[in-house]
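One structure below.
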Amino acid sequence: MDRAHRDEVTPSSTFSVANRNTQALARRDTFEKRMPIDVSVVRDLTALRALESEWRALAAVGPGTLFRGPDWLLPWWLAYHNTLGAELYVLVGRATEADDAGTNVGDVVCLAPFYRRTVKVALLDTRELRMIGDAGPRPPSLDLLARPGWEDKAGAAFARTLTEDAASWDLIELEPLADPSRVRATFVQRIAPAGFAVESAPSAGGASRVALGLAPTDASDATGVITTHGDDLATLRKGMSALRRLSRLEWAERDEPSPLADNEAASLLEEVGMDLGKQGRVRLARLDDAAGEAVAAALVVDDGDRAVVLAMAVDPQVPPKRAARLLHAEALAARSRGCIALDVVTGAAEYPMPQLPTSKQQALSVRIWGQSKTASVGRTVNSVAKRARRARETPAVAAAQARAAWTKIRTAAASVAHYDRYGLYRGQLWTRGIEPPQGLELGPFTEGDFDKLDEARRADLIEQLQLDEETARRFWRRGDNAVLATLGVRPAGIAWTARGPVEVPELGRTLRMSKYDAYIHSVFVAPAARGRAVAPVMLEHLAKELRATDAYRSWALISSHNQASIRAFQKASFTPVCDVIHAKMATVDRVVCRPPDPEAEELLGLDQ
């Protein structure tokens with residue numbers, strides 16, 4: 001190399017070496033040469049299961065034993081890891097020296113339940129470390145665990161391990177973290193000087209804590225609250241279905257999907273519910289309206305000396321006092337079980353608390369950026385986005401005024417606007433073998449069959465089934481099929497099915513169905529035959545007929561006020577997909593799905 005070229009590259013090389021030396025010195029100053037804890041990374045589920053007893057013992061130190069330990073976090077991992085594309089990255093610390101409290105060399109003294117996944121941040125593949133348990137139904141808080149007296153050592157050991165393994169991650173995203181937490185505080189204090197950017201902020205999680213020590217016994221009327229214990233699987237599933245339905249309605253008001261609506265959440269809550277239910281630690285409480293339909297529901301789990309409302313949902317259309325009524329009933333029930341507090345996890349809405357001493361239990365979010373180029377780009381993009389959000393956000397007082405103004409606008413518009421709400425239900429054409437009432441007969445009913453009826457029988461059928469002859473003939477000429485139910489010689493019910501594109505006059509739209517889909521509509525049961533499962537039996541009959549014609553999925557649109565039809569379709573194994581809201585005001589005619597669902601939007605032609 002000639003002298004000129006050597007002079008050109010030397011300053012840059014010197015700066016690079018100096019920078020690396022500075023970081024190395026910072027790390028040496030931050031961490032002791034010999035740590036009293038040896039940390040290893042567990043990436044295998046079998047190896048993690050072998051640590052269950054030690055993990056459970058660490059979680060038992062302090063509040064929140066269940067949600068910090070394997071009894072909640074392992075079922076969560078089994079339910080969510082495939083969906084998240086995650087791999088285990090659990091830090092397990094073992095003592096390298098004994099202490100006077102009975103800790104021996106090799107004992108597990110700390111544990112950080114992390115997982116790793118790769119996500120897109122600023123179009124770059126970013127390797128994240130996150131807390132196991134941070135998706136779906138979230139507990140009040142999660143935490144890094146350590147034996148009493150080992151908190152500072154554990155935080156320092158975790159920081160050193162992640163610093164030495166910094167090449168394997170770009171971002172550490174931890175929430176909802178317990179606050180205060182000595183392990184977490186030491187961890188952050190030690191890792192920041194090693195050259196990592198640390199950001200912390202209040203988390204969206206947390207809980208409202210209701211103190212039960214001085215709770216009066218007659219503060220509220222608990223009449224109407226129905227409680228199911230977790231050892232009754234069938235009833236628990238029914239209650240969980242009501243909870244998910246209400247949660248979907250709540251989150252739809254925010255245009256967001258419910259964290260309870262996915263299959264992973266259902267699987268997790270059912271598994272944990274049944275396991276803890278056998279120990280008498282799970283309750284599903286619901287409050288019904290006059291028609292027997294749930295308007296509020298809560299899943300309550302006992303965790304040590306506290307009861308935790310892990311999931312709660314209230315119909316947005318009912319008064320807020322229903323939530324307070326349900327919570328008060330559960331608070332009194334928790335006190336009778338010996339609990340000292342009731343923690344209500346933050347959800348879609350801030351529920352009015354019962355008239356008992358209440359405090360906010362805030363959780364914390366910690367974000368640590370690595371030293372890779374990907375982390376640098378991600379941090380820059382995140383910083384720009386944060387500044388943009390701050391610029392767009394309205395100050396709190398102005399935001400409150402804006403909400404109040406919007407409320408007035410909606411109230412004024414209500415007099416000239418009209419909203420229809422329907423439930424879109426989907427059936428996979430399964431049958432449950434519903435027992436038909438004695439004497440019920442089912443069969444196809446064609447236009448020719450209608451024309452063959454004498455005048456008296458035709459008039460009786462039209463009267464009993466409120467059948468409009470002109471509409472019925474339009475259905476038949478469109479190609480719709482009808483099934484007629486009779487009890488003896490009297491008509492008991494009728495139901496229609498359509499294939500192909502079908503006009504739905506309620507919405508003023510045409511359903512875009514595939515050749516394997518069917519639409520079930522205009523289901524009606526004669527007043528004298530109601531309450532005898534006629535509608536579910538007709539729906540099962542239609543399912544069998546449709547399967548024979550190569551249909552594998554059916555749809556139904558039901559008014560939200562038609563509770564009888566909703567119960568009939570649910571009994572026939574139809575499941576709710578979304579709420580379809582038809583808004584009409586002056587020249588505006590709009591249909592929206594809440595929460596948004598791709599299949600529903602395609603069916604209704606809203607994806608264009």
Side-chain angles (χ1 to χ4, degrees), residues 45 48-49 51-80 113 131-143 145 176 178 205 207 209-210 212 225-244 247 259-260 262-286 297-313 326-327 329-345 347:
L45 182 60
L48 186 59
R49 285 192 180 280
L51 297 170
E52 277 192 60
S53 59
E54 292 96 332
W55 186 359
R56 195 173 289 112
L58 290 175
V61 178
T65 301
L66 171 66
F67 298 111
R68 304 189 308 162
D71 297 324
W72 171 261
L73 295 180
L74 283 181
W76 182 93
W77 174 256
L78 294 174
Y80 278 94
M131 295 290 292
I132 296 177
D134 67 349
R138 298 204 301 190
S141 63
L142 302 167
D143 204 0
L145 308 179
R209 175 163 297 171
V210 181
L212 304 180
V225 176
I226 301 171
T227 303
T228 299
H229 293 277
D231 55 352
D232 184 347
L233 178 58
T235 313
L236 179 65
R237 282 176 173 165
K238 186 176 180 180
M240 287 299 303
S241 176
L243 177 62
R244 287 193 296 271
S247 180
L260 306 182
D262 54 58
N263 294 330
E264 293 81 9
S267 172
L268 169 65
L269 294 178
E270 183 175 305
E271 179 180 350
V272 175
M274 285 302 298
D275 186 47
L276 298 179
K278 296 172 184 177
Q279 307 170 33
R281 296 172 59 190
V282 169
R283 292 161 54 91
L284 194 292
R286 52 181 280 180
L299 181 67
V300 185
V301 178
D302 285 354
D303 186 14
D305 58 2
R306 291 173 174 81
V308 179
V309 180
L310 182 61
M312 180 170 172
L326 180 64
L327 286 174
E330 284 309 300
L332 297 184
R335 190 186 68 168
S336 69
R337 299 195 300 273
C339 297
I340 64 171
L342 178 72
D343 288 350
V344 183
V345 174

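For clarity, every value in this text was computed on a predicted model and none was experimentally measured.
Minimum interatomic distance between A285 and L326 (heavy atoms only, all atoms of both residues): CB-CD1, 3.9 Å. Annotation for A313 and S247: closest pair CB-N, 3.3 Å, computed over non-hydrogen atoms. Scanning both residues, D134 and L142, for their nearest heavy atoms gives N-CD1, 4.1 Å. Of all heavy-atom pairs spanning P140 and A207, the tightest one is CB-CB, 3.9 Å. In terms of heavy-atom proximity, P139 sits nearest to G133 at CD-O, 4.0 Å. Residues A79 and L268 share a closest heavy-atom pair of CB-CB, 4.1 Å.
Atom-to-atom distance recorded for W72:CH2 and E271:CD is 10.0 Å, nearest 0.5 angstrom. Distance check: R306 CZ to L342 CG gives 11.0 Å after rounding to the nearest 0.5 Å.
Contact of the L212 side chain with the I340 side chain is not registered, since no non-hydrogen atoms from C-beta on lie closer than 4.5 Å. In this structure, R283 and E330 have side chains that are in contact, with non-hydrogen atoms separated by less than 4.5 Å. Under the 4.5 Å side-chain criterion, counting only non-hydrogen atoms from C-beta, I132 is not in contact with Y80. The side-chain heavy atoms of L269 and L260, taken from C-beta on, include a pair separated by under 4.5 Å. V301 places a side-chain heavy atom less than 4.5 Å from the side chain of L276. In this structure, the side chains of V345 and F67 stay at 4.5 Å or more apart for every pair of heavy atoms. Proximity of V282 to V272: side-chain heavy atoms (C-beta onward) are nowhere separated by under 4.5 Å. Residues D71 and W55 fail the side-chain proximity criterion, which asks for heavy atoms closer than 4.5 Å.
Not one N or O on the side chain of S267 forms a donor-acceptor pair closer than 3.5 Å with the backbone of E264. A donor-acceptor pair is defined here as one N or O able to donate and one able to accept, closer than 3.5 Å; such a pair exists between the side chain of D303 and the backbone of L66. Without hydrogens or angle criteria, R286 side chain to I226 main chain gives no donor-acceptor distance under 3.5 Å.
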Any chance you could lay out the side chain to side chain contact (heavy atoms under 4.5 Å, CB included) test for T227 and V300, step after step, and finish with the verdict? CA-CA 10 Å; T227 303; V300 185; over 6 Å; no

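When each of E52, R49, E54 is tested with P70 by the rule side chain to side chain contact (heavy atoms under 4.5 Å, CB included), just one qualifies, namely E52.
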